[in-house]
Asker: 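Pasting in a structure now, in structure tokens, and then I'll have a few things to ask.
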Amino acid sequence: MARAARSRTPHPDPPGRPHPRLPRPRRPGVRTPSVRDLPSAVRGLPAAVRRHYRSRRTAPAATLAPPARPYARAVGLAAVAVLGAWLGLLVIGSVQAPVGPMDTTMALRPSLAGGTRITVPPLGDLELDSHYAPVRLDVDVDRLDPARSAELVDHPERFAGLQDQVTRDVLRGAAGLAVASCVAVASGATALGLVVYRRPRRALAAGGLALALLTASGATAYATWNPESVLEPRFSGLLSSAPSVVGNARSIVSEFNVYQKELARLVTNVTKLYDAASTLPAYRPDPTTIRVLHVSDIHLNPASWHIIASLVKQYRINVIIDTGDTMDHGSAAENHFLDPVSTLGAPYVWVRGNHDSRGTQRYLTGRKHVIVLDNGRVTQVAGVRIAGVGDPQFTPDRSIVAAGDAAERTAGGRLADALRTQRLAGTPVDIALAHNPAAVTEADGLAPLALAGHIHQRAISTLPQGTRLMVEGSTGGGGLRAVQNRQPAPVQASVLYLDRATRRLQAWDEITLGGLGLARAEVSRHLPERVKPGQSASPESSLARAGMP
């Protein structure tokens, strides 16, 4: 059966169906898409959309690093501010300021310890613990003004008014330095910020931070300001210049204007040093003080005699105290090494050390200007009463077994008995001597001052009963054996200033020479601290740290 032919009459469209668009007429040579092309067109639609989107969006900056964290940016900004401030202070942070008869240059420099450093070329540097802040005040003495210095030299009475002038000059210079430093740190940090960030806002932030840090440092310096620091300077320079630069030790009373007075005295000393002939003036110690030179542990170093003679001359020493170990082996062949003690220019008080034999003691006994103390013997020199005991041990080398501290304390007991006898007789002793600190501690409470050596390093303490114990380092730099080390041990000595009326310690200078380089020295002035007895380290602990030489 043949199929029925389909009707070609179109069915009417249902209601609501949109009327189909009429096909566009074909263009010659252009193929019209058909239904067969629809699946491929649908499949290619997402890729076309993605290409279209990518063509319109901005290409990502793949080479840029991810943004830094906030704390990293803050640390970087702080580093730029500190470095820029330091560079600014170096370049434009100094000011020229006259102080009395001197022309000086003042500047602030970064420092962890703070303080003040005064450079007096060619004599050396003077350091003061004036404040504790991350900035240090540097004062360089450029020259002495001829006109102003001539007026002071020709009219010595004008030195009396130097105090007020120096105070005004220092305040004026400090004010100018403060302004110059603020400009320097802000400019330096801002300029460095522009170089690093290339953004004005970040550069200004670095400059503001540097200014804030300087302000905080100034506030810290003001809060920790110590006007009495000028009374305890540290000098580093030529040994011959030290007494004149540091000045005289005298009775010191804490006053409100002590800083102005002592600063004026310092300017006076430096002014005298820069005299017309550029020669050092004669050192004139305060007549109210007795000057004692404490040396110890020379150990056959011949250079020590030249150093001691120089100190005696420069400081006008009244008496030399040697707390032993002058020799190395105590042999008779070494005795002639002791011959210079009679020519040092001051009385020489000596006690035996554990490297000094009794033959050494007999050789020194009776020599001119030499006083040997042992078994609590008492002598009076330059108005000072001194008692001492020799070391009971003789241990020139390790082949001899040491008796230990028990023997030292026994010898110290004999010294204490002698001091008690003198006190009952109404003639108390001012200074007690022994070589080993373990021996002289037995004199605690029986004398205001006790001196010792033996440990080759300085140690100062206040014993429980109030006696001040001062242990000296090696004036011989450890002796000739020290040259075997890579760096020679320092040569150490101390100048003690005693009140002439009370024979009490007023101040002392610690003198340190750098081993074999004896041309330069460090001189540090100290005042007795008002500490309670027993607060500082005991000599036994210092002895344990240093070992038994």
Side-chain angles (χ1 to χ4, degrees), residues 239 242-243 249 283 285 289-327 337-353 355-356 360-361 363-374 377-391 429-435 440 447 449-454 458 470-477 479 491-498 500 503 505-513 518 521 523:
L239 178 60
Y283 179 57
T289 59
I290 302 172
R291 293 160 302 282
V292 178
L293 177 62
H294 182 198
V295 300
S296 187
D297 296 86
I298 293 176
H299 285 288
L300 286 181
N301 189 342
S304 300
W305 301 130
H306 301 284
I307 297 171
I308 293 173
S310 176
L311 292 174
V312 168
K313 181 179 180 180
Q314 294 168 35
Y315 283 87
R316 301 291 179 89
I317 297 298
N318 299 111
V319 57
I320 306 168
I321 293 179
D322 186 346
T323 49
D325 271 6
T326 313
M327 312 294 270
F337 171 77
L338 300 170
D339 292 344
V341 297
S342 300
T343 62
L344 296 176
Y348 197 91
V349 179
W350 183 85
V351 292
R352 186 178 67 252
H355 284 260
D356 304 318
T360 302
Q361 180 167 315
Y363 186 82
L364 279 174
T365 302
R367 295 189 66 86
K368 188 177 181 180
H369 304 307
V370 177
I371 303 172
V372 176
L373 299 181
D374 196 5
R377 179 191 170 190
V378 180
T379 186
Q380 182 167 340
V381 185
V384 181
R385 294 184 60 81
I386 308 170
V389 62
D391 199 307
V429 171
D430 303 310
I431 303 177
L433 308 181
H435 175 67
V440 79
L449 183 62
L451 305 182
H454 185 62
R458 289 193 180 103
M470 306 184 72
V471 181
E472 188 55 75
S474 175
T475 309
V491 174
Q492 297 179 328
S494 297
V495 177
L496 314 181
Y497 300 93
L498 307 181
R500 188 171 295 273
R503 278 92 61 192
L505 184 67
Q506 291 182 315
W508 71 92
D509 290 342
E510 294 181 351
I511 302 170
T512 303
L513 289 84
L518 304 180
V523 180

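We're numbering straight along the sequence, starting at 1.
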Asker: Show, in sequence, the C-alpha distance, side-chain angles and deciding distance for M470 and W508, and conclude whether the side chain to side chain contact (heavy atoms under 4.5 Å, CB included) test is met.
Answerer: CA-CA 11 Å; M470 306 184 72; W508 71 92; 3.7 Å; yes
Asker: Nearest heavy-atom pair of R458 and S494: which atoms, and what distance?
Answerer: NE-OG, 3.7 Å
Asker: Any side-chain heavy atom of L498 within less than 4.5 Å of one from V384?
Answerer: yes
Asker: Are the side chains of V295 and I308 in touch, meaning some heavy atoms are under 4.5 Å apart?
Answerer: yes
Asker: Search all heavy atoms of R367 against all heavy atoms of D339 and return the closest pair with its distance.
Answerer: NH2-OD1, 3.5 Å
Asker: Kindly indicate whether the side chain of L293, heavy atoms from C-beta on, has any atom under 4.5 Å from the side chain of Y315.
Answerer: no
Asker: Taking the side chain as C-beta and beyond, is there a heavy-atom pair between T326 and V341 under 4.5 Å?
Answerer: no
Asker: Do you know which two heavy atoms are closest between D356 and V351, and how far apart they sit?
Answerer: OD2-O, 4.4 Å
Asker: Give me the atom names and distance for the closest heavy-atom approach of S304 to G476.
Answerer: OG-CA, 3.3 Å
Asker: Are any side-chain N or O atoms of T365 and backbone N or O atoms of Q361, one a donor and one an acceptor, separated by less than 3.5 Å?
Answerer: yes
Asker: Hey, does Q492 have a side-chain heavy atom less than 4.5 Å from the side chain of E472?
Answerer: yes
Asker: For residues V471 and G453, report the shortest heavy-atom separation together with the two atoms involved.
Answerer: CG1-O, 3.3 Å
Asker: Between the main-chain N or O of H355 and the side-chain N or O of D325, is there a donor-acceptor pair closer than 3.5 Å?
Answerer: yes
Asker: For the pair D322 (side chain) and W350 (backbone), establish whether a donor and an acceptor sit closer than 3.5 Å, ignoring hydrogens and angles.
Answerer: no
Asker: Taking G390's backbone N and O only, do any of them form a donor-acceptor pair with D374's side chain (distance below 3.5 Å, no angle check)?
Answerer: yes
Asker: My understanding is that only residues two or more places apart in sequence, or in another chain, count here; which of them pass side-chain contact (heavy atoms from CB on, under 4.5 Å) with R377?
Answerer: I371, L373
Asker: Between R352 (side chain) and D391 (backbone), is there a donor-acceptor pair under 3.5 Å?
Answerer: yes
Asker: Considering only heavy atoms from C-beta outward, does the side chain of D297 approach that of H299 to under 4.5 Å?
Answerer: yes
Asker: Determine whether a donor-acceptor pair (N or O, by modelled atom type, separation under 3.5 Å) exists between the side chain of R500 and the backbone of T289.
Answerer: yes
Asker: The criterion is ring-ring contact (aromatic ring centres under 6.0 Å, His included); which residues satisfy it with F337, sequence neighbours excluded?
Answerer: W305
Asker: Counting only N and O atoms by type, is there a donor-acceptor contact under 3.5 Å from the side chain of T323 to the main-chain atoms of L451?
Answerer: no
Asker: For the residue pair A450 and V440, what are the closest heavy atoms and their distance?
Answerer: CB-CG2, 3.6 Å
Asker: Hey, are the side chains of V495 and I317 touching, using non-hydrogen atoms and a 4.5 Å cut-off?
Answerer: yes
